[in-house]
There are 2 protein chains.
Amino acid sequence: MDNPDKNHIGTILKQQRISLPLTLQELAGKAEVSASHLGRIERGERFPSAHILRKIAAPLGFEENELFTLAGYLSSQSPRTAERLPTYGSGQLDPYVARVLSQEPPEVQRAVIGILTMLRSIAKSMDK
Amino acid sequence: MDNPDKNHIGTILKQQRISLPLTLQELAGKAEVSASHLGRIERGERFPSAHILRKIAAPLGFEENELFTLAGYLSSQSPRTAERLPTYGSGQLDPYVARVLSQEPPEVQRAVIGILTMLRSIAKSMDK
DNA sequence: ATTGACATTTGCCAATTGGCTAACTACAAT
DNA sequence: ATTGTAGTTAGCCAATTGGCAAATGTCAAT
């Protein structure tokens with residue numbers, strides 16, 4: 001209702017926090033940022049300043065660079081690192097996605113693709 | 001008087017601007033940031049947000065990374081992202097999975113992770 | 001059902017950011 | 001000297017951030 005746009009950095013932060021797993025309070029403790037603020041960030045009611053972003057990077061296991069990029073504060077690739085990203089087909093693989101998926105066993109990775117394929121065919125049939 | 005501490009990012013920004021040389025107004029035009037704000041930043045009365053910092057990087061000939069570091073938003077050297085690609089954490093990303101996913105738009109890639117997260121939490125709750 | 005212990009969300013508010021506009025400050029050229 | 005003009009600074013203010021404390025939600029154990 002309040003926040004139709006699910007495409008904020010908070011979504012990623014929350015997924016990462018849950019997967020660790022950490023509570024908001026624990027993260028708040030480690031990062032030295034108030035839990036209430038973190039909560040609002042996760043649900044997109046606030047947007048973390050660079051200062052806050054930096055504080056939470058390590059506790060969440062992100063590199064500062066990576067997090068700044070995900071938050072849209074740094075453009076996706078600084079020239080130096082640009083060429084290292086593999087380009088399969090036409091698009092690029094989101095580094096965060098790669099990172100999360102690679103922590104899953106191969107069969108889960110494949111299963112994910114299976115689900116994606118199913119969703120595509122469902123979407124296609126609804127289209128008609 | 002107001003600002004005894006000369007050790008702010010503004011000092012660097014001003015030196016760079018002068019050396020180009022650019023006026024505040026010209027920089028304001030290129031960066032799409034108000035000249036008054038830029039002026040205050042240069043004399044340390046305001047501190048640029050990540051958003052503003054990003055806008056002025058190119059016009060001043062800085063790399064975004066560099067500027068964020070100078071401003072103290074990024075620690076001096078984040079370990080290079082090179083070489084981290086093949087192994088995130090302990091696992092590897094299946095090349096086929098990478099290829100399929102990378103052809104999807106970023107929001108779909110993210111959605112996939114969202115689904116994975118949900119499945120994990122479902123699995124966990126069934127576990128108990 | 002109730003209690004207790006955590007976890008999350010909300011209400012409130014001080015502090016900061018950043019834009020707009022109106023002063024001020026050079027410094028030329030008449 | 002005076003006017004013009006480009007550049008910088010200051011006053012004001014709406015919007016945003018982020019902390020604290022209180023309210024609310026969650027859930028296991030009685």
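For the numbers below, each heavy atom of this structure counts, side chains included, while hydrogens, waters and symmetry mates do not. Here is the naming used below: chain letters follow the sequence lines, and residue numbers restart at 1 for every chain.
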key: Protein proximity profile, nucleotides 10-17 of chain C - base contact B, sugar-phosphate-only contact S, no contact -, cut-off 4.0 Å on heavy atoms   = BBB----B
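- Side chain of A:Glu64 to backbone of B:Ser75: a donor-acceptor contact under 3.5 angstrom is found.
- Residues passing the salt bridge (charged side-chain N to carboxylate O under 4.0 Å, His left out) test with A:Arg46: none are found, sequence neighbours excluded.
- Considering all non-hydrogen atoms of both residues, B:Val33 and B:Ala28 come closest at O-CB, 2.9 Å.
- Partners of A:Arg40 under the salt bridge (charged side-chain N to carboxylate O under 4.0 Å, His left out) rule, at least two apart in sequence or in another chain, do not exist in this structure.
- Residues A:Phe47 and B:Tyr73 do not share a hydrophobic cluster, defined by chaining ILVMFWY side chains whose heavy atoms lie under 4.5 Å apart.
- Evaluation of the side chain to side chain donor-acceptor pair (under 3.5 Å) rule for B:Gln16 yields no partner, not counting sequence neighbours.
- A donor-acceptor pair under 3.5 Å is formed between the side chain of B:Gln109 and the backbone N or O of B:Leu101.
- The stretch residues 20-32 of chain B does not touch DNA chain C, since none of its heavy atoms comes less than 4.0 Å from the strand.
- Although no hydrogens or angles enter the test, the distance criterion places a donor-acceptor pair under 3.5 Å between the side chain of A:Glu26 and the main chain of A:Thr23.
- The CD1 atom of A:Ile41 sits 14 Å away from the P atom of C:dT8 (whole-angstrom rounding).
- Helical stems involving DNA chain D, defined as 3 or more consecutive Watson-Crick or G-U pairs under 3.5 Å, span C:1-30 with D:1-30.
- No donor-acceptor pair under 3.5 Å is formed between the side chain of A:Glu42 and the backbone N or O of A:Gly39.
- Separating the CD atom of A:Glu42 from the P atom of C:dA7 is a distance of 14 Å, rounded to the nearest angstrom.
- Under the 3.5 Å distance criterion, the side-chain polar atoms of A:Lys14 are left unmatched by any main-chain donor or acceptor of A:Arg43.
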